[in-house]
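Index from 1, following the sequence. Read the numbers this way: they start at 1 and go in the same order the structure lists the ligands and their atoms. This structure is a prediction, so every number in the text was calculated from the model and none was measured.
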Amino acid sequence: MTPIKVVVTGAAGQIGYQILFRLAQGEVFGPNQPIILQLLELEQAMGALQGVVMELQDCAFPLLQGVVYTSDLKTAFDGANYAFLVGSVPRKAGMERSDLLAINASIFIDQGRALNQYASDDVRTLVVGNPCNTNCMIASATASDIPKEQFFAMTMLDEKRARSQLAERLNVHHRDIECIIYGNHSSTLFPDYWHSTYKGKLVVDLVNDPAWLEGAFIENVQQRGAKIIQARGASSAGSAANAALDTMRLIVNGSDTPFSVAIHANGQYGATKGLFFSMPCLSKNGILTPIDHIVHNAMARKRIEITIAELESERNIVISRGFMNA
Ligand code: NAD
Ligand code: LMR
């Protein structure tokens with residue numbers, strides 16, 4: 001089988017370190033698919049990255065056909081079939097993810113350009129670096145020859161957080177809970193508990209505590225990333241890597257059940273065309289189909305409007321600072 005080329009940016013960082021070994025083991029692309037890892041880092045992190053590459057070699061993974069590691073965009077993105085855009089600065093305690101826009105936005109211009117110039121035409125790109133929805137919009141806008149449908153921003157971690165909060169409350173297993181995230185990967189995200197189910201039954205009925213669902217539950221999911229930073233002194237890494245791998249696995253292998261991912265919006269749920277907006281999606285042959293017919297009540301609509309307004313304001317900042325054309 002021809003090896004696939006998979007780019008991971010920020011490969012020497014926390015999330016990169018959690019992703020690489022699992023990718024090389026075949027978790028995303030399957031047990032028969034050889035893989036070449038193409039790792040991008042800043043020049044100053046090359047020493048650390050070299051150590052990670054040594055460790056990859058020492059695993060002698062049967063599927064790992066080669067490792068390229070570089071600070072050069074052309075070398076990293078050359079012929080890439082899949083890209084995990086992780087490399088960027090994480091927030092510190094007290095910051096919102098959108099505070100990172102000014103610091104991180106230009107990274108996604110450069111990498112969008114590199115994807116456009118050097119990657120395979122069918123490259124699938126998952127943006128993890130924050131603020132991931134807006135960075136994804138920037139990368140996709142810069143990579144103007146690549147269809148927008150091939151770009152995704154990660155909200156799977158928020159979905160898993162929501163499912164596990166609900167499971168804990170109901171004292172059931174999280175695998176049987178479904179809960180979709182709408183909007184931005186930020187403190188305005190909306191975990192749609194109104195349509196959330198446990199084994200097909202509505203969670204609102206099972207929990208039977210509207211104040212908790214509309215209050216503490218939503219806030220816990222929205223603030224989970226900040227809580228982890230407070231506790232660990234560093235942002236989530238193992239859980240973030242896990243969610244990134246799961247998202248790409250669903251994109252590659254398909255999914256008959258809806259999952260949360262931010263995709264190029266085209267007016268669904270009122271999200272302005274061009275924003276990267278999280279909504280329920282199905283996946284088949286690397287193509288995602290948004291489920292666009294869920295009917296939301298007034299409370300849910302209000303939440304969705306708030307998160308859309310935030311994405312719009314991030315887009316306005318990006319345009320006013322010249323990171324993207326209007
Ligand atoms: P980290 O600081 O541990 O690692 C980031 C790495 O990226 C560093 O090694 C750095 O040298 C590298 N880097 C910086 N600029 C780069 C560039 N231009 N090209 C290549 N590499 C570059 O951070 P981390 O904990 O791995 O987090 C990475 C990003 O992921 C952050 O923006 C963080 O906020 C985000 N994140 C997103 C989610 C999500 O759910 N979407 C979850 C967790 C973290
Ligand atoms: C998370 O949700 O854990 C990440 O986006 C990191 C952060 O800044 O909260």
Side-chain angles (χ1 to χ4, degrees), residues 7-20 38-52 69-77 83-115 125-136 138-139 152-162 164 181 183-189 191 220-248 260-262 276 278:
V7 176
V8 179
T9 72
Q14 291 201 90
I15 297 175
Y17 191 73
Q18 300 285 332
I19 282 189
L20 299 180
Q38 303 192 160
L39 312 181
L40 183 74
E41 254 302 345
L42 295 177
E43 195 52 46
Q44 64 260 31
M46 271 306 131
L49 185 56
Q50 211 168 357
V52 177
Y69 63 105
T70 181
S71 58
D72 174 55
L73 286 162
K74 178 176 188 314
T75 312
F77 285 94
F84 291 83
L85 303 191
V86 180
S88 49
V89 175
R91 67 174 163 154
K92 307 274 182 303
M95 292 170 79
E96 286 296 329
R97 296 179 187 92
S98 55
D99 296 335
L100 295 170
L101 252 187
I103 308 168
N104 286 337
S106 63
I107 296 174
F108 295 86
I109 298 177
D110 295 343
Q111 294 179 0
R113 198 173 293 130
L115 280 163
T125 298
L126 175 66
V127 178
V128 176
N130 277 323
C132 64
N133 299 55
T134 296
N135 288 338
C136 187
I138 294 170
F152 315 95
M154 186 168 96
T155 52
M156 176 62 82
L157 179 53
D158 307 297
E159 177 182 316
K160 287 174 185 287
R161 288 167 173 168
S164 73
I181 304 297
N184 201 3
H185 172 62
S186 77
S187 52
T188 66
L189 64 82
N220 284 346
V221 181
Q222 290 176 335
Q223 295 300 330
R224 186 70 161 189
K227 285 258 171 61
I228 289 170
I229 292 172
Q230 223 170 31
R232 249 171 54 84
S235 62
S236 65
S239 56
N242 184 61
L245 293 164
D246 267 3
T247 305
M248 195 61 101
S260 310
V261 59
F276 275 73
S278 180

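Residue pairs meeting the salt bridge (Lys or Arg N to Asp or Glu O under 4.0 Å) criterion with at least one member in residues 235-248, sequence neighbours excluded, are K160-D246, D246-R249.
Closest heavy-atom approach to atom 23 (O) of ligand 1 among the candidates G13, P90, G16: P90.
Within the 4.0 Å heavy-atom cutoff, Q111 counts among the residues contacting ligand 1. Close to ligand 1: S235, with a non-hydrogen atom less than 4.0 angstrom away.
At a 3.5 angstrom cut-off on N or O pairs, A240 does not count as close to ligand 1. At a 3.5 angstrom cut-off on N or O pairs, V128 counts as close to ligand 1. Annotation: N130 places an N or O atom under 3.5 Å from an N or O atom of ligand 1; distance criterion only. Looking at ligand 1, you won't find any N or O of T9 less than 3.5 Å from one of its N or O atoms. In terms of polar-atom proximity, I107 is not counted as a contact of ligand 1, lacking any N or O under 3.5 Å from an N or O of the ligand. Considering backbone and side-chain N/O of Q14, one or more are found under 3.5 Å from N/O of ligand 1.
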I'd like a table of the close N/O pairs between ligand 2 and the protein (anything under 3.5 Å), one pair per line with both atom names and the distance.
unit_1, atom_1, unit_2, atom_2, d
ligand 2, 2 (O), R97, NH2, 2.8
ligand 2, 2 (O), R161, NH1, 2.8
ligand 2, 2 (O), R161, NH2, 3.4
ligand 2, 2 (O), H185, NE2, 3.3
ligand 2, 3 (O), R161, NH2, 2.7
ligand 2, 3 (O), S236, OG, 2.7
ligand 2, 5 (O), R97, NE, 2.8
ligand 2, 5 (O), N130, ND2, 2.8
ligand 2, 5 (O), H185, NE2, 2.6
ligand 2, 8 (O), R91, NE, 2.5
ligand 2, 9 (O), R91, NE, 3.2
ligand 2, 9 (O), R91, NH2, 2.7
ligand 2, 9 (O), R97, NE, 3.4
ligand 2, 9 (O), R97, NH2, 3.1

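Taking OG of S278 as the reference point, atom CG of N184 lies at 9.5 Å (rounded to 0.5 Å).
When side chains are defined from C-beta on, H185 counts as touching R97, because their heavy atoms get closer than 4.5 Å.
Remark: R91 CZ is packed, more than 12 non-hydrogen atoms of other residues, nucleotides or ligands lying under 6.0 Å away.
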